[in-house]
Number of protein chains: 2
Amino acid sequence: MISATEEDYIKAIFNISRKIKNAMVGTNQIAKEVNTSPASVTDMLKKLKTKDLIQYEKYKGVKLNPTGTKRAVLLLRRHRLWESFLVEKLGFGWDEVHDLAEQLEHIESDELINKLDDYLGNPKFDPHGDPIPDVQGIFTLRNQQLVQHLSVGESGIVVGVKKHDKDFLHHLSQFKIEIGKSISVLEKFAYDNSISVKIDGQKDIMIGAIISENVFVKKL
Amino acid sequence: MISATEEDYIKAIFNISRKIKNAMVGTNQIAKEVNTSPASVTDMLKKLKTKDLIQYEKYKGVKLNPTGTKRAVLLLRRHRLWESFLVEKLGFGWDEVHDLAEQLEHIESDELINKLDDYLGNPKFDPHGDPIPDVQGIFTLRNQQLVQHLSVGESGIVVGVKKHDKDFLHHLSQFKIEIGKSISVLEKFAYDNSISVKIDGQKDIMIGAIISENVFVKKL
DNA sequence: AATATTTTTTAGATTTGTCTAAAAATAAAT
DNA sequence: ATTTATTTTTAGACAAATCTAAAAAATATT
Ligand SMILES: [Mn+2]
Ligand SMILES: [Mn+2]
Ligand SMILES: [Mn+2]
Ligand SMILES: [Mn+2]
C-alpha cells in the first residue's frame, strides 16, 4: 500500500530528477516541489526507503529505484489521462485541469484507468502536449523545438509547453496559442527577444520572450 | 474544510437516519456503517459537532443539522453521478462501481460534478435506480413496490434494489434482472415465498425470497 | 427496586504527516 | 585552511484518525 502523500513525493522526485537531468535529488528541492518543510521531506524519505521505492543515503540525496520509477510513471499516466478526460469530455480549459487531476490521480484502480484510456481512444498526449505512458509505462517522445529557435520564415505546429502554471496557459489561450495551432515566424527582434508571428493564419501578433522560450513546436 | 473521513461519517449518519425513519442515530450503528470502533465514532462526533454539522449530546444520539444534511445530499449526488459515469461511459457493471464511487465522491470540486452531470445528460437515477439529487439537492422520488407484493398476473418494470452489495447485484445480473427490465408474476409459492416470473419476455424462471424482497418495480 | 446487559464515553496509545528550532554535515568563500 | 553559508538531519511536539481496555450511563430483566 502506498498513500496519496507518498505518491506525491515519488512524483516530485521523478519530476525534479528529469529537470536536473541525471543525479541525486536534494531534500530542499523536494520540499519546494511538494510545498512542505525539509524536515518533513527527510522523514518521508526514510519511509520511502523502507518501502523500497527509493535509493537514499543520509546527506547524499535521493533517486527513484526501478519500483519507484514505475510508480511515478503510472501516476503520470493517471494524471494525464484524467486531464485529457476533463478537457476532451467535460469541456474544461487546459488551464483549469491540473489541480483536479492532482486529486483524481490518486484514485486506486488499474481497471478504472485502463477503461478510461480506452474510452478516450488511447490518446498519446495530454492537453498540454505531454506524452501519456501506456499500460506498460512506455511513452512516445515528441520531436520538439522551442519557438525561440525557429528562424524567420519558418513555421511549426504547437506540440507542448515548458511551463505548466495556470497563469501562463491562460495567457497563451488569450493569444490563441494552443496545442495543434500553427506558428509562423515573421520577424525576430534581438533587442528584447520578442517575435512577430502568425497564429493559424490569423492576423499577426507580437509574442514576448516568456512565450517563445516556453512553447514547443514541431517544425514544418 | 471537511475531510474525506468526516464526509463518510456524515453520509453514514444520513443513511442510517433514513433507514430507521426519523430520530436519533446511535454510536454503535455508525461504527458498524463506517467499519470502525464505537470509541472512534464518539471522537468524530465531538469533532463534527464543533464543525456544526450535527446535533449531538452525550448518550443522546446524533442527528444531522441542516448544514450536515446538505453535505450528505451533495455527497450522494457525487457518488451517484460517478456511478452513472462508470456504468454508462466506461462500461463497468452495476455491481462493480460502488467502491470506486466511494473514492471518487470525495474529489472536491463543484464545477467538476456539475459538468459531469451535464455530460451524462442530467440523469435522474443512478445505475441502481437510486435518485440523483440535482444541484439544489432536490431528487425525484420513484414510485416503487417490492416484487414480493405483485399479485399473480401482474407485472412491473425494475426500478430499484433494496440491497446494494456486490454479491446480490451480481446474482441479479445472472438472472438478467436489471434496472429497466420487466418482470411478470406467473405463480407464487407460499411455502418458501418463491415466485415464478418471466423476465423481459424471456423464458420463465424461479426467484427466491431474497430477490423478491429486495427488488423494486413500478407496476404496469 | 435491584441486578444484569447493552450502549456509550473516557483514558491512554499508536500511526501518519506535519511543524519549528537546534544540531550536524556539506559546500562555498575568504 | 579557516570561516561562513547552505543543506540536511534530528529532537520534540502536534493534529487527525484510529485502536483496546476500562469506566460510566442508559436499558432491560428479573
Ligand atoms: Mn497529487
Ligand atoms: Mn498535463
Ligand atoms: Mn467515501
Ligand atoms: Mn448507487
Side-chain angles (χ1 to χ4, degrees), chain A residues 1-13 15-17 19-20 22-64 68 71-72 75 102-103 105-108, chain B residues 1-13 16-17 19-20 22-64 68 71-72 75 102-103 105-106 108:
Chain A
M1 258 299 92
I2 177 170
S3 75
T5 313
E6 288 165 344
E7 283 186 332
D8 280 336
Y9 275 93
I10 291 291
K11 200 176 54 167
I13 296 168
N15 286 335
I16 297 165
S17 178
K19 241 176 284 179
I20 64 175
N22 89 319
M24 293 299 164
V25 176
T27 303
N28 273 356
Q29 297 175 290
I30 300 170
K32 201 172 171 187
E33 183 90 0
V34 303
N35 202 36
T36 188
S37 73
S40 302
V41 174
T42 302
D43 288 343
M44 182 57 87
L45 292 181
K46 285 182 196 161
K47 203 202 310 182
L48 293 177
K49 184 172 184 185
T50 74
K51 292 203 175 185
D52 246 308
L53 291 160
I54 60 173
Q55 230 178 275
Y56 168 63
E57 298 297 336
K58 263 187 176 199
Y59 294 107
K60 301 253 170 161
V62 65
K63 208 176 113 178
L64 293 182
R71 260 334 258 236
L75 209 57
E102 204 60 42
Q103 295 184 61
E105 69 189 359
H106 301 294
I107 304 290
E108 191 57 53
Chain B
M1 260 296 94
I2 177 168
S3 75
T5 314
E6 289 166 342
E7 284 187 332
D8 280 336
Y9 275 94
I10 291 291
K11 199 175 55 166
I13 297 167
I16 298 164
S17 178
K19 241 176 285 180
I20 64 174
N22 90 319
M24 293 298 163
V25 175
T27 303
N28 273 354
Q29 297 175 291
I30 299 171
K32 202 173 171 187
E33 183 91 0
V34 302
N35 201 34
T36 188
S37 72
S40 302
V41 174
T42 302
D43 287 344
M44 182 56 87
L45 292 182
K46 285 181 198 162
K47 204 203 307 182
L48 293 178
K49 182 170 184 185
T50 73
K51 293 202 175 187
D52 246 309
L53 292 161
I54 59 173
Q55 231 178 276
Y56 167 64
E57 298 298 334
K58 264 189 175 197
Y59 294 107
K60 302 251 169 162
V62 64
K63 210 176 110 176
L64 293 181
R71 262 331 260 235
L75 210 56
E102 204 61 40
Q103 295 184 61
E105 69 188 359
H106 301 294
E108 191 57 53

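As rounded to whole Å, 8 Å separates atom P of C/dA11 from atom NZ of B/Lys46. Here the C1' atom of nucleotide D/dA24 and the CD atom of B/Glu57 are 17 Å apart, to the nearest Å. At whole-Å resolution of the value, CE in A/Met44 and P in C/dC19 are 11 Å apart. Between the P atom of C/dT16 and the CD1 atom of A/Ile2 lies a distance of 13 Å, rounded to the nearest Å. Look at NZ on A/Lys49: it is 16 Å from P on D/dT8, rounded to the nearest Å. Taking atom CE of A/Met1 as the reference point, atom C1' of D/dT18 lies 18 Å away to the nearest angstrom. As a whole-Å value, the separation of B/Ile30 CD1 from C/dT7 C1' is 13 Å. When rounded to the nearest whole Å, the span between CG of B/Asp43 and P of D/dA15 equals 14 Å.
Using a 4.0 Å heavy-atom distance criterion, B/Ser40 is classed as a base contact. Backbone-only contact: B/Thr27 has heavy atoms under 4.0 Å from sugar-phosphate atoms and none from a base.
Contact between the side-chain N/O atoms of B/Thr36 and the OP1/OP2 oxygens of D/dC19 is found at a separation under 4.0 Å. For A/Tyr9, a side-chain nitrogen or oxygen approaches OP1 or OP2 of C/dT18 to under 4.0 Å. OP1 and OP2 of C/dT10 both lie 4.0 Å or more from every side-chain N or O belonging to B/Tyr59. Here B/Lys58 does not reach the OP1 or OP2 of D/dA24: none of its side-chain N or O atoms lies under 4.0 Å away.
In this structure, B/Lys49 pairs ionically with B/Glu57, as a charged nitrogen and a carboxylate oxygen lie closer than 4.0 Å. Salt bridge present: A/Arg71 and A/Glu108 bring a charged side-chain N and a carboxylate O closer than 4.0 Å.
Ranked by how close their nearest DNA chain D nucleotide is to the 5' end, A/Gly26 and B/Lys60 are led by A/Gly26. For the pair B/Pro38 and A/Thr5, both in contact range of DNA chain C, the more 5′-proximal nearest nucleotide belongs to B/Pro38.
Within the model, atoms CG of A/Leu53 and CD1 of A/Ile2 stand 5.0 Å from one another, a figure rounded to the nearest 0.5 Å. Note that the CG atom of A/Leu64 and the NZ atom of A/Lys11 stand 13.0 Å from one another [nearest 0.5 Å].
Residue B/Asn28 has its side chain nearest to C/dT8 when only C/dC19, C/dT8, D/dT9 are considered. Closest approach to the B/Ala39 side chain among C/dC19, D/dC19, D/dT8 is made by D/dC19 (side chain taken as heavy atoms from C-beta onward). Residue A/Ser37 places its side chain closer to C/dC19 than to any other of C/dC19, D/dC19, D/dT8.
Around NZ of A/Lys51, the count of heavy atoms belonging to other residues, nucleotides or ligands within 6.0 Å exceeds 12.
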